[in-house]
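To start, the structure itself, in structure tokens.
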Number of protein chains: 2
Amino acid sequence: MAPRPASKTAEPSDKVGLICRALRRAIIEQALAPGAKLPEDSLGERFGVSRTIARHALGQLAAEGLVELRRNRIAVVATPSWQEARDAFDIRIELERLVVRQLAGKLTKAQIAELNTHVDAEDRARDGSDAVSIRLATEFHILLANMTNSPILVRYVSEVAYRCCLTLSLYSRPHSSECAINEHRAIIAALVKGDEAKVMSLMHSHLDSVASRALVAPAPQRGRDLLDILAPYAEEGEGERVVKMPKVVRVR
Amino acid sequence: MAPRPASKTAEPSDKVGLICRALRRAIIEQALAPGAKLPEDSLGERFGVSRTIARHALGQLAAEGLVELRRNRIAVVATPSWQEARDAFDIRIELERLVVRQLAGKLTKAQIAELNTHVDAEDRARDGSDAVSIRLATEFHILLANMTNSPILVRYVSEVAYRCCLTLSLYSRPHSSECAINEHRAIIAALVKGDEAKVMSLMHSHLDSVASRALVAPAPQRGRDLLDILAPYAEEGEGERVVKMPKVVRVR
DNA sequence: TGCGCCTCAATTGCATGCAGTTTGAGGGCG
DNA sequence: CGCCCTCAAACTGCATGCAATTGAGGCGCA
């Protein structure tokens, strides 16, 4: 059985699927930052399809939460709030505990090899760009989910992992992936050993540490509302609230 | 005003959203059985929109796993395998444990009243059709999820609950909902009391019992004409009155 | 009668066109 | 000098048209 994701339900056509995959990748590698605009025409032109198809792809990505669609407005890469990021990680923890619970002691030799190969790749990518490290780290988790042979679980884990990726690019500082890689190795070891409780707790703490490293504080960042950013400054001024800002300076 | 779910990302347009909601409802009330065909034209005519919109709606539902889309083939209501049903319930259990964990002891008076009102409605519907009971039971869980104020959790719980509904119509015998209603009341009580562990275990066993009741022989469903089935669902909103009754859609 | 090929209506895949809405840039006015 | 108003360009919402694919019934042939 080739480990074909081949989500039976997700991508109706190949062209739409192609665009979805490309955009997903661009988003999780932060080539497209949260808030980036995604006009249908430009997408269509870039991928050599009509607006109809680009539109459909955006619809799918919106259903996954990677893109925000508002009526009559240009689609943008989603900008999850800090709270949403926290929620996503909470959900992710539960889902991935389920993954490793199902997998503990049940991996084939081939699967173990595949996992090790992947972590090796993560290792090699450590000197490369952060974007690639983050993508590989995420793909490790998706690889695990795939091994459960549960399409539903695969879909949810993938989605929520992508969303978490998104939040990393918003709220995280430069990624130090060493520990993550070691934790991945530890998880593989525990899976092979078949220690269900151990691997679930490993996965829990792994994700928890990633989350807490990433979501330390609602960092003032590009994409946040200007008025929020200025709130602390406004308090100091003579009690008068900021009545009106002259033309909002568009951040990018 | 009304506490509308208003999923920010899911339904790009209102027309698409309308069709999605109508079809979702038709599916979980088993007016559309698994395997029922959903040709774009027929949907478009029934709802007074073009194929483009119907197509988009089908795409969304496919992303939710309620509909199966295969290239160049008529879309059909999803027919989850028994294993997929089991997986869906496993995921659902974890997600809903998360819901009640977040909610335990944190419900406002208004929310408690809302839950009680809903369960009362379930009670009253006990004599009505099974379809309505099942829908109400599902909506109880979605109502709970909504109270977490976590859009992501709401979306996942809703999706997976709908999927479970689907499987019930495939593998379950006539629903005896009394116990479910009592279990709902017990969950509310534990939530109010704030006993986190208790409510999590209650939710677990509640869903587990629903799931294990769903291990019966598959029920062969005879299909009616799609346009007739959808007639009552098309009324919501200002749908065009399309009087034309085109060819009969034969449902397998 | 039974089996396989062939044809055609039904249906999807996709592009394009038109109408309505939003954006944002420039000019006039206080 | 800054604010508001206006208007055009940009963009989305949606319908329609044409080509490609499917699969189901009909026909011929053994």
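Note that this is a predicted model, so its numbers are computed, not measured.
- In this entry the distance linking CZ of R55(A) with C1' of dA15(D) reads 12 Å, nearest Å.
- Protein atom CD of E40(B) is 14 Å distant from nucleotide atom C1' of dC14(D), rounded to whole Å.
- Summary of the strand contacts: N72(B) and S50(B) both lie near DNA chain D, and taking for each the nucleotide with the nearest heavy atom, the more 5' one is attributed to S50(B).
- Ion pair E159(A)/R155(B) flagged as a salt bridge, since at least one NZ, NE, NH1 or NH2 atom sits closer than 4.0 Å to an Asp/Glu carboxylate oxygen.
- With sequence neighbours excluded, the residues that form a salt bridge (Lys or Arg N to Asp or Glu O under 4.0 Å) with R25(A) are E29(A).
- Taking 4.0 angstrom as the limit, R71(B) places none of its side-chain polar atoms (N or O) nearer than this to OP1 or OP2 of dT21(D).
- The CD1-C1' distance, from I74(A) to dG24(C), rounds to 11 Å in whole Å.
- Look at CZ on F47(A): it is 18 Å from C1' on dA15(C), rounded to the nearest Å.
- For the pair R71(B) and D14(A), the salt-bridge criterion is not met [side-chain N within less than 4.0 Å of a carboxylate O].
- Nearest-nucleotide mapping onto DNA chain C: of R73(A) and G48(A), the residue sitting toward the 5' end is G48(A).
- Atom P of nucleotide dT11(C) and atom CG of L58(B) are separated by 14 Å, given to the nearest angstrom.
- Of the charged side-chain nitrogens involved, none lies within less than 4.0 Å of a carboxylate oxygen, so that R73(A) and E68(A) do not count as a salt-bridged pair.
- For the pair R51(B) and dA15(D), the criterion of a side-chain N or O lying under 4.0 Å from OP1 or OP2 is not met.
- Rounded to whole Å, the distance from NE2 on H56(A) to C1' on dA15(C) is 15 Å.
- Rounded to an integer number of Å, the gap from CG of L43(B) to P of dA15(D) is 13 Å.
- Look at CG on D41(B): it is 12 Å from P on dT16(D), rounded to the nearest Å.
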